[in-house]
Amino acid sequence: MTTVSTPARAPEPTNERPGSGPRRRTAGARVAALTGHWAVRLFLVVIALFWLMPTAGLLGSSVRDRADISTSGWWQIFGFSSSFPWIIDPGRLTLDNYDALLTNAQITDSVVTTVLITVPATVLVVLVAALAGYAFAWLDFPGRDYWFLAVVGLLVVPVQVALVPVAKLFNALGIFETTPGVVLFHTAFGLPFGIFLLRSFFAEIPRELLEAARLDGAGEIRLFTRVVLPLGGPAIASLGIFQFLWVWNDMLVALIFADAANPPITVALQQQVRQFGNNIDVLAPGAFLSMLIPLAVFFAFQKQFVSGVMAGAVK
Amino acid sequence: MSTDPAAPQAPGRTTGAPGARPAVGRSRAWIAWLFLLPALVLLGALVAYPIAYSVYRSLFDASGGAFVGLANYGEIFTDSGILTALRNNLIWVIVAPSLATALGLLFAVLTERIRWATAFKLIVFMPMAVSMLAAGITFRLVYEQDPERGVANAVWTGVHDTFAESSPWPGAQPREGAGLEPSDGGAFTTKATASAGEVALLPLVGIPPKEAAGAQRAEPAPRAEGGGVAGVVWLDFVRGGGSEHGRVDAGEKGLAGVKVEAVKDGKRIAEATSGPDGVFTLPPSADGAQLRLPASNFAAPYGGVDWLGPTLVTPAIIGSYVWMWAGFAMVLIAAGLAGIPRELLEAARMDGANEWQVFRRVTVPVLAPVLGVVFVTLVINVLKIFDLVYVIAPGATQSDANVLALQLYLSSFGSSADQGVGSAIAVVLLLLVVPVMVVNIRRLRRESQR
């Protein structure tokens, strides 16, 4: 960390307040700080490359010929020519694996199943948690605080605890190994966090807004749909993104509660992992494909994702 | 990334706490229950009831018919497989959160004044968005044993071969009947002694011809200057046959880089390395010595580390976890850092503290609550670790990599399932998170009394 700042650099709003305290630094200290800075930058570049490498390897492997994958590593895609050894040689790439994957009904069906699980589980959590969050924030009923504390207590319950009992319950209900079963499970386990997050957010809605709406003759339902839901947008977005990623990426719950003949993408790929080695031409593009949607969501909604993560700490 | 200067919201932190607010207007209680009904039904049936049922079920045997008391819990602490899982979980819980938090702190502090910090944070944070399955497959590729295919071993053998000598001719051995006998530890020694003025012939075979294709022709009649012992090491083989064994024929290749030692009475007195034409020259003192080819000439090439073998499989998987979650720690800590008043740091600097002292004495103590939240969150997360282990550990070492959540899955739904034991493990997992549950509830109640 240094306090060197050049006029060319815009001060970073959160980090540096211009003029916040005098800078008493000798020229020597400045030079020392600069070299430290330079080394820090180099270090961070190395770390960033290091962090990118596994994903780059997955992507690189996924666009190589089956025969190439089995004999050499993904970095062999580099070497465009002897004078440009660090440039990727397009001649060594192929989209055949993706072609095969997208015509593989097992994989495409599993993506559909994933969507059919993820979308309802996300919508349901938002809806049910919003209803309950509103009740906890603004309605009056006996024992309200104790009920809320109970919900908060459930925040950290590991899903593992529910596997055996819920499997039995779903069996009795006839929804074991069905998509609705998986959806219900995910909804239930998304609720403590959802209720907690939305209640906090709804509680910040100015009382005057709600009272004004009530004076206009709005009932609880109208109040909820016309005032609370629209105002809760940011928190609902955070919750939705968080839950979406959570369910999309889940493997354990699906492994047990999804239809084994028609599993979501994580389980379909997991079945392939058992023969790991000679099926990398399926696994690598499959894994990359399964990452695309979460990554797209992540990049599109970073802000909401981060605030969801922050609120979800200690989940 | 968020530029919100507020520290990460701990539960209940910035929000109105229960009890703090009277309800709006004249709503009746039954309306409230209507709003709560779906949530309470789902939470009751799928979260709360299962806790009670797991506790109950853990007291019965595999079939569920016979009450066995705490025997299933006894099994957790006696069954060697489950004990491995317990031990590994302990390693996980100590190592993974500490490492991820430490890296998160390091990255957060170092990127504070970097202009492209956002790009860096995105890269490090990104793995959190992908599934553990995809991360698992990614790291199966990274950890592949063959250095030609797995990047971890490619890098590792590269580093290793830079610092350690690699053997020039792995797998080579002397031509039989040429007077070279195996001696201790994979070396070969001549029966006869060498004498100055005579050419010592050391014929080797067992090298694929294409490996030696680029080598120079062997020199049939080397001479030592100054009365030393000269000799030649060569590949005593010509494709298509027709060469005489033990003699340097036309077309036979010299073997470069072979170490030759002169040995008298078991003591090494001199050594030389063969040149590109296979010729080596030992000093006159080697006259009358036996010649030995040490084992290092023939050792198999270094194959890298067995990442997913029994000893390293757990650290290797922890590595992939840290890859996924260090970004989480970094983002939370960075938000905390942004909330530290600059004046505090400047004051410390003006008092003559250097950057390390500022970090150690000001930054870390002020950040302590955030670090605590991050660490505890990761501990809870690590307790439940399942997918990464299930996907990355190959079948052969799955039992070495075992963790409680995996054992629970195997015990409950595996081929020889015992749901009594599975439920007992579930209860143990639950007990391990109860302290956090209590802290969460307490904190919330404190807020409400304020």
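Chain identifiers are assigned alphabetically (A, B, ...) following the order of the sequence lines, protein sequences preceding nucleic acid strands; residue numbering begins at 1 within each chain. All values derive from a computational prediction rather than experimental measurement. All values below come from the heavy atoms of this structure, side chains included, with hydrogens, waters and symmetry mates left out.
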Next item on the list: Would you name the heavy atoms of B:Ala39 and A:Ile195 that are closest together and state the gap between them?
Entry: CB-CD1, 3.9 Å
Check: About how many Å separate OH of B:Tyr390 and CD of A:Gln270, when rounded to the nearest 0.5 Å?
Finding: 4.5 Å
Notebook entry, point to check: Any sub-3.5 Å donor-acceptor pair from A:Trp51's side-chain atoms to B:Trp323's backbone N or O?
Noted result: yes
Check: So, for B:Ala32 and A:Ala135, which heavy atoms are closest and what is the spacing to 0.1 Å?
Finding: O-CB, 4.1 Å
Next item on the list: Could you tell me which portion of B:Trp356 (side chain, backbone, both or neither) has an atom closer than 4.5 angstrom to a non-hydrogen atom of chain A?
Entry: neither
Check: chain A: which of B:Val47, B:Val433, B:Leu42 shares the most heavy-atom pairs with it under 4.5 Å?
Finding: B:Val47
Next item on the list: Any chance you could measure B:Met126, atom CE, to A:Met291, atom CE, to the nearest 0.5 Å?
Entry: 6.0 Å
Checklist line | Within-4.5 Å side-chain heavy-atom neighbours: B:Leu383 and A:Pro158 | finding: no
Check: Aromatic ring centroids of A:Phe136 and B:Phe35 under 6.0 Å?
Finding: no
Item checked: Main-chain N/O of B:Lys384 paired with A:Gln160 side-chain donor or acceptor, under 3.5 Å -> yes
Notebook entry, point to check: When rounded to the nearest 0.5 angstrom, what is the spacing between OH in B:Tyr409 and CG in A:Leu252?
Noted result: 8.0 Å
Next item on the list: Taking the side chain as every heavy atom from C-beta outward, state whether B:Ile31 and A:Phe141 have any atom pair closer than 4.5 Å.
Entry: no
Note to self: Using heavy-atom distances under 4.5 Å, tell me whether A:Leu124 contacts chain B through its side chain, its backbone, both, or neither.
What the structure shows: neither
Check: Would a 4.5 Å heavy-atom cut-off, applied to side chains only, mark B:Ile137 and A:Val273 as touching?
Finding: yes
Checklist line | Greater than 12 external heavy atoms within 6.0 Å of A:Phe299's CZ | finding: yes
Notebook entry, point to check: B:Leu46 and A:Leu169: side chain to side chain contact (heavy atoms under 4.5 Å, CB included), yes or no, with the steps?
Noted result: CA-CA 9 Å; B:Leu46 304 183; A:Leu169 185 70; 3.7 Å; yes
Next item on the list: Count the heavy-atom pairs under 4.5 Å between each of A:Val267, A:Ile280, A:Leu245, A:Ile256 and chain B, then report the option with the highest count.
Entry: A:Ile256
Item checked: Close side-chain approach of A:Val159 to B:Phe386, heavy-atom, < 4.5 Å -> no
Margin query: Between B:Met437 and A:Leu154, is there a side-chain heavy-atom distance shorter than 4.5 Å?
Written below: no
Check: Is it the backbone or the side chain of B:Val124 that comes under 4.5 Å from a heavy atom of chain A, or both, or neither?
Finding: both
Note to self: Just so I understand: if I count every heavy-atom pair under 4.5 Å between each of B:Ile441, B:Leu429, B:Val142 and chain A, which residue has the most?
What the structure shows: B:Ile441
Next item on the list: Find the distance between CG (A:Leu52) and CD1 (B:Ile123) and round it off to the nearest 0.5 Å.
Entry: 4.5 Å
Checklist line | Top of A:Gly133, A:Pro54, A:Gly286 for chain B proximity - count of heavy-atom pairs under 4.5 angstrom | finding: A:Pro54
Item checked: NZ-CD distance between A:Lys168 and B:Gln419, expressed to the nearest 0.5 angstrom -> 4.0 Å
Check: Hey, is the main chain of B:Ala129 close enough, under 3.5 Å, to the side chain of A:Asn249 for a donor-acceptor pair?
Finding: yes
Notebook entry, point to check: Does the side chain to side chain contact (heavy atoms under 4.5 Å, CB included) test come out yes or no for A:Leu163 and B:Ser412, once each step is laid out?
Noted result: CA-CA 8 Å; A:Leu163 298 179; B:Ser412 306; 6.0 Å; no
Next item on the list: Examine distances only and state if a side-chain atom of B:Thr138 and a backbone atom of A:Leu58 form a donor-acceptor pair shorter than 3.5 Å.
Entry: no
Item checked: Region of B:Leu432 in contact with chain A, defined by heavy-atom distances below 4.5 Å -> neither
Notebook entry, point to check: Given a strict heavy-atom distance threshold of 4.5 Å, which part of A:Val45 is in contact with chain B: side chain, backbone, both, or neither?
Noted result: both
Item checked: B:Tyr56 versus chain A, the contacting section by heavy-atom distance below 4.5 Å -> neither
Next item on the list: Under the side chain to side chain contact (heavy atoms under 4.5 Å, CB included) rule, what do A:Val166 and B:Tyr49 come out as? Steps first, then yes or no, please.
Entry: CA-CA 9 Å; A:Val166 174; B:Tyr49 153 76; over 6 Å; no
Check: Heavy-atom distance under 4.5 Å to chain A: side chain of B:Pro394, backbone, both or neither?
Finding: neither
Check: When rounded to the nearest 0.5 angstrom, what distance separates CG in B:Leu34 from CG in A:Leu131?
Finding: 9.0 Å
Note to self: I'd like to know which of B:Val151, B:Leu404, B:Leu37, B:Val391 tops the heavy-atom pair count under 4.5 Å against chain A.
What the structure shows: B:Val151
Check: Non-hydrogen atoms of chain A under 4.5 Å away: do they reach the side chain of B:Leu408, the backbone, both or neither?
Finding: side chain
Checklist line | Flag side-chain contact, heavy atom, 4.5 Å: B:Trp116 against A:Arg41 | finding: yes
Check: Side chain, backbone, both or neither: which part of B:Leu103 has an atom under 4.5 Å from a heavy atom of chain A?
Finding: side chain
Checklist line | Whether A:Trp147 and B:Trp33 hold their rings parallel, tilted or perpendicular, with breakpoints at 30° and 60° | finding: perpendicular
Margin query: Surrounding CZ of A:Phe170 (heavy atoms of other residues, nucleotides or ligands, distance under 6.0 Å), is the total greater than 12?
Written below: yes
Check: Tell me, do A:Thr55 and B:Pro127 make a side-chain contact under 4.5 Å, heavy atoms counted?
Finding: no
Next item on the list: Look at A:Ile47, A:Leu184, A:Val297 and state which one has the largest set of heavy-atom pairs under 4.5 Å with chain B.
Entry: A:Ile47
Next item on the list: Measure A:Phe288 against the heavy atoms of chain B and call it side chain, backbone, both or neither at under 4.5 Å.
Entry: neither
Check: Between B:Leu141 and A:Ser61, which heavy-atom pair has the shortest distance, and what is it?
Finding: CD1-OG, 4.0 Å
Next item on the list: Report the C-alpha distance between A:Leu255 and B:Phe413 in whole Å, list the side-chain angles of each, state the deciding distance to 0.1 Å, and finish with yes or no for side chain to side chain contact (heavy atoms under 4.5 Å, CB included).
Entry: CA-CA 10 Å; A:Leu255 210 53; B:Phe413 302 97; over 6 Å; no
Next item on the list: Answer with side chain, backbone, both or neither: which region of A:Ala129 has an atom nearer than 4.5 Å to a non-hydrogen atom of chain B?
Entry: neither
Check: Pairs in or reaching into residues 132-144 of chain B: which pass salt bridge (Lys or Arg N to Asp or Glu O under 4.0 Å), with residues at least two apart or in two chains?
Finding: B:Glu144-B:Arg149
Next item on the list: For B:Ala134 and A:Ser290, work out which heavy atoms get closest and say how close.
Entry: CB-OG, 4.0 Å
Notebook entry, point to check: Between A:Thr187, A:Val157, A:Leu191, which is the residue that forms a side chain to side chain contact (heavy atoms under 4.5 Å, CB included) with B:Leu43?
Noted result: A:Leu191
Item checked: A:Leu44 portion near chain B, given a 4.5 angstrom heavy-atom threshold -> both
Item checked: Options A:Trp74, A:Trp75, A:Phe305, A:Phe50, ranked by heavy-atom pairs under 4.5 Å with chain B, top entry -> A:Trp75
Check: Quick one: what part of A:Leu59 sits under 4.5 Å from any heavy atom of chain B, side chain, backbone, both or neither?
Finding: neither
Margin query: Taking side chain as everything from C-beta outward and backbone as N, CA, C, O, which of these in B:Leu106 sits under 4.5 Å from a heavy atom of chain A? Side chain, backbone, both or neither.
Written below: side chain
Notebook entry, point to check: What residue in A:Gly194, A:Ala130, A:Ala132 has the most heavy-atom pairs under 4.5 Å with chain B?
Noted result: A:Ala132
Check: Quick one: are B:Ser131 and A:Trp248 in side-chain contact, heavy atoms under 4.5 Å?
Finding: no
